[in-house]
Every structure is written in C-alpha cells, then in structure tokens.
Amino acid sequence: MAKYRNTLLFLTFPSLLLFCVSAENLRRDYYADICPNVENIVRTAVTAKFKETFVTIPGTLRLFAHDCFVQGCDGSILIASTPENTAERDHPDNLSIAGDGFDTVGRAKEAVDEVPQCENKVSCADILVMATRDVVYLAGGPSYEVELGRLDGLSSTATSVNGKIPQASSNLDQLNAIFGALGLSQDDMIALSGAHTLGFSHCSNFANRIRHFSKENPVDPTLNRTYAAQLQALCPTNVDPTLVAPLDPITSSRFDNQYFKNLQMGMGLLTSDQILYEDTRSRPTVHKWAKNSELSAQNFVFAMTRMGRVGVKTKPSQGNIRRNCFAFN
C-alpha cells in the first residue's frame, strides 16, 4: 500500500456552533468588476498543482470542509501558528490535512495577486471555495458556479476547534446534530459524505473495525468480510502510522457515486460512513443516490453551496482581505 502523509479527506464535518445558511451578500458575479478573470486564474493554478500530485484534490476538499465548520468559511484554517498563538491548523484534529491543500490556495493567491487589477482584492476564503470547486471537476465531478464575496477572518486558534470535529465512530444522531446546528440537513450531510469517493484515511481510524471489535465479533459485523480481510492485510498490527487506505476502494481517484454503492455492499471504510446505510433513517437516500449518479452529483452541489454559506464574514468589522493567506495583515 502506498504511503501518504496527511491525506485524510472529509473524515469529519466539525462544529457545534449555530450558523444560518444564507446567501446574503454573496454573489456569483461578485468579482465581475473587481477582478473579472479571477476564476480562470484560480483554475489555472489549481490545474497546475493537480498535475504535480493527485493529493491536491483530497487535500483541498478537506481543507474547505474544516475551514467552513470552524468559525465559518473565512479562511481561518489557513493561518500559520506563531510563538504567541497556536492556530486552527495545528489542532490535533487538523494535523492530517494534506499540506498540498494549503499549497494549492497559496499558489492560487499568488497568481491572482500578480494581476495588478486583482492585487489584494480577492479573499483567501473565496480562493479556497473556487479551488475546491475546481478540484471536484478535475476528479471527474460536476462543474458548478460558486457564490463569492467572503472576507477573511480575523481569528484562528486551536482552542476554537475543540469538540467540533466528530470522530470516525460517529453515529447518525451525532452527525445530524452537528449538521443541523449549522443549518444543514441530513441529506446535506449524506451528500457531503459522498466526497469519500476520493481520498484516504489512516489505518488508525478504522483499526477497531477490523480487529478486536468486540468479544463476540472480532470484526465489525457490518463490514464486508472480503473487504475486511483486504484491510487487515493493508493495515497489519502495529502498522506504520503514515500508511493509509483509500476511502473508496473501487474508484479512489474519480468523483462518482461509487461511495454509495460501496455502502450497500458493506464497504464503507469508517463507521461514520457505513452507518449511513445501517441506519434505516438514512438508508433510502443511500439507495437512491447509489442508483442515480446524476442525482447524487446534483445534491452534492446543493450541499456544497449551502456549506459555503456557513458563518461567512462580509462586513469590514468581521474580516478583511489578507495579503498573505497564511498570516493576518
């Protein structure tokens, strides 16, 4: 199995804060007069990064999710720690985010600021949203328009992450409680979980499912037996902590609805994945989207748009446009 450092994608969707999902002050044409070619500039930079490494895709996707669910979509996760402040990105629950995601945003920001008309006019939060849309498309997923007009947040602390990131063992009630607090529905949560058709997870996140699950069942009984044996071979006891397994063992590098088909076969890698099929309240949606790839993609776009509205800053008192995405002005 290949070794990847820090490549876990969408393991969780953090936050316990209540946000209103609203598009107020966000517009698709926000930069039409400010930096009219911004989306093409970002897309070119993201594509160049993708050609260097596939990890650009899961890294950027997970970065977007973790940004939005801690203090809203304000680029606060991009801030680097200083001797005086430990930032969000260095909270233990964020250490596995791929560095390639951060690099993608940084490169896109540099490309945008090289255009005189655009210099210091486009927020890092918006660049992350555009870059995320672009990596979905590069992986074979849907192309969609994004709402823009966010400002970059003025705060980033590791303590703000505490308790806001569910674990791989989350059940449906826990997932729904977290998403519901953000104004997102169960369907939104399931659709966003479909991003697990891409990326990887460290063996430690599912080790309890393949060994010592319980006295009665050494292996999680909801796990496909053949798949469990494959995972045991990939992740032996005392495994190298840098080793990972694909979240989708069948189409790990393509955005599609295979994730939902996997759940039907007992091949959800994480407990929080497989529970979407095992719980009868969410199972009908899994069946529906496993059967219809177009419908699953459509609902993913809806959910990504709604997630992109969580906790945005649009007033000068709330944020600004960073000159450097990784440091406050």
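Below, each value reflects all heavy atoms present in this structure, side chains not excepted, and no hydrogens, waters or symmetry copies.
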- Is the backbone N or O of Ala290 less than 3.5 Å from a side-chain atom of Asn257, with the two atoms forming a donor-acceptor pair by type? yes
- Query: Going by heavy atoms in the side chains, are Pro249 and Asn262 under 4.5 Å from each other?
  - Reply: yes
- Please answer whether the main-chain N or O of Asn162 pairs with a side-chain N or O of Asp93 as donor and acceptor at a distance below 3.5 Å. no
- Item | Heavy atoms from other residues, nucleotides or ligands near CG of Asp33 exceed 12 (cutoff 6.0 Å) | no
- Look at the side-chain heavy atoms of Ile, Leu, Val, Met, Phe, Trp and Tyr, link any pair under 4.5 Å apart, and say whether Tyr144 and Val38 land in one connected group. yes
- Query: Side chains of Thr56 and Asp100: donor-acceptor distance under 3.5 Å anywhere?
  - Reply: no
- Query: Passes salt bridge (Lys or Arg N to Asp or Glu O under 4.0 Å), Arg107 versus Glu52? Steps please.
  - Reply: CA-CA 13 Å; Arg107 291 193 191 187; Glu52 294 179 13; 2.7 Å; yes
- Do the side chains of Asn205 and Leu270 get nearer than 4.5 Å, heavy atoms only? yes
- Rounded distance (nearest 0.5 Å) linking atom CZ of Arg209 with atom CZ of Arg211: 13.5 Å
- Message: For the residue pair Asn85 / Thr82, report whether a side-chain donor-acceptor contact shorter than 3.5 Å exists.
- Response: no
- Query: Looking at CG of Asp90 and OG of Ser81, how far apart are the two atoms once the value is rounded to the nearest 0.5 Å?
  - Reply: 3.5 Å
- Is the side chain of Asn224 donor-acceptor paired with the backbone N or O of Tyr227 at a distance under 3.5 Å, no angle test? yes
- Message: Grouping I, L, V, M, F, W and Y whenever their side-chain heavy atoms are under 4.5 Å apart, do Phe326 and Val112 come out in a common cluster?
- Response: yes
- Message: A side-chain contact here means heavy atoms from C-beta on lying under 4.5 Å apart; do Met189 and Ser193 qualify?
- Response: yes
- When you measure from the side chain of Asp113 to the backbone N and O of Asn120, does any donor-acceptor pair fall under 3.5 Å? yes
- Arg89 and Ser156: side chain donor to acceptor below 3.5 Å: no
- Message: Using the rule given for side-chain contact (heavy atoms from CB on, under 4.5 Å), can you reason through Val219 versus Arg225, listing the C-alpha separation, both sets of side-chain angles and the distance that settles it, and then say yes or no?
- Response: CA-CA 8 Å; Val219 175; Arg225 285 295 173 266; 3.7 Å; yes
- Would Leu151 end up clustered with Leu128 when hydrophobic side chains under 4.5 Å apart are linked, directly or stepwise? no
- Message: Can you tell me how far apart SG (Cys203) and CG (Leu243) are? Round to the nearest 0.5 Å.
- Response: 5.5 Å
- Please tell me if the side chains of Lys109 and Arg322 come closer than 4.5 Å, counting only heavy atoms from C-beta onward. no
- Query: Does some side-chain heavy atom of Arg133 sit less than 4.5 Å from a side-chain heavy atom of Met304?
  - Reply: no
- Within-4.5 Å side-chain heavy-atom neighbours: Phe50 and Val135: no
- Query: Do any N or O atoms from the side chain of Gln174 and from the backbone of Asn171 form a donor-acceptor pair under 3.5 angstrom?
  - Reply: yes
- Message: Are Asp152 and Leu78 packed together at the side-chain level, in the sense that at least one heavy-atom pair is separated by less than 4.5 angstrom?
- Response: no
- Query: Just checking, is any N or O donor in the side chain of Asp187 or Asn299 under 3.5 Å from an acceptor N or O on the other one?
  - Reply: no
- Is there a side-chain contact (heavy atoms from CB on, under 4.5 Å) between Tyr277 and Gln264 once you walk through the steps? CA-CA 7 Å; Tyr277 178 81; Gln264 292 176 316; 4.2 Å; yes
- Say whether Phe213 and Leu234 are linked into one hydrophobic cluster, either directly or through other cluster members, by side-chain heavy-atom distances under 4.5 angstrom. no
- Task: Run the numbers on Val122 and Val42 for side-chain contact (heavy atoms from CB on, under 4.5 Å), then give the verdict.
- Result: CA-CA 11 Å; Val122 182; Val42 171; over 6 Å; no
- Give a yes-or-no answer on whether the side chains of Ser185 and Asp188 include a donor-acceptor pair shorter than 3.5 Å. yes
- Item | hydrophobic_cluster_shared for Leu148 and Val301, side chain cutoff 4.5 Å | yes
- Do Ser293 and Asp256 have side chains that get closer than 4.5 Å, going by heavy atoms? no
- Message: I'd like to know if the side chain of Arg150 and the backbone of Gly308 have a donor-acceptor N/O pair within less than 3.5 Å.
- Response: yes
- Reported CD-to-CG distance for the pair Gln318 and Leu154, which is rounded to 0.5 angstrom: 9.0 Å
- Using modelled atom types only, decide if a donor and an acceptor are shared between the side chain of Lys315 and the backbone of Lys313 within a distance under 3.5 Å. no
- Query: Does any N or O in the side chain of Thr271 come within less than 3.5 Å of the main-chain N or O of Ser169, such that one atom is a donor and the other an acceptor?
  - Reply: no
- Query: Without hydrogens or angle criteria, can the side chains of Asn25 and Thr314 be said to hold a donor-acceptor pair below 3.5 Å?
  - Reply: yes
- For the side chain to side chain contact (heavy atoms under 4.5 Å, CB included) test, which of Thr222, Val286, Leu172 pairs with Glu278? Thr222
- Task: Give the intermediate values and the outcome of side-chain contact (heavy atoms from CB on, under 4.5 Å) for residues Asp126 and Tyr31.
- Result: CA-CA 10 Å; Asp126 275 347; Tyr31 292 106; 2.6 Å; yes
- Query: What is the distance from atom NZ of Lys121 to atom CD1 of Ile321, rounded to the nearest 0.5 Å?
  - Reply: 8.5 Å
- Message: If you count every heavy atom of other residues, nucleotides or ligands that lies below 6.0 Å from Tyr137 atom OH, does the total exceed 12?
- Response: no
- Query: Between Asp173 and Arg281, does a salt bridge (Lys or Arg N to Asp or Glu O under 4.0 Å) hold up when you go through it step by step?
  - Reply: CA-CA 10 Å; Asp173 287 333; Arg281 294 170 294 172; 2.8 Å; yes
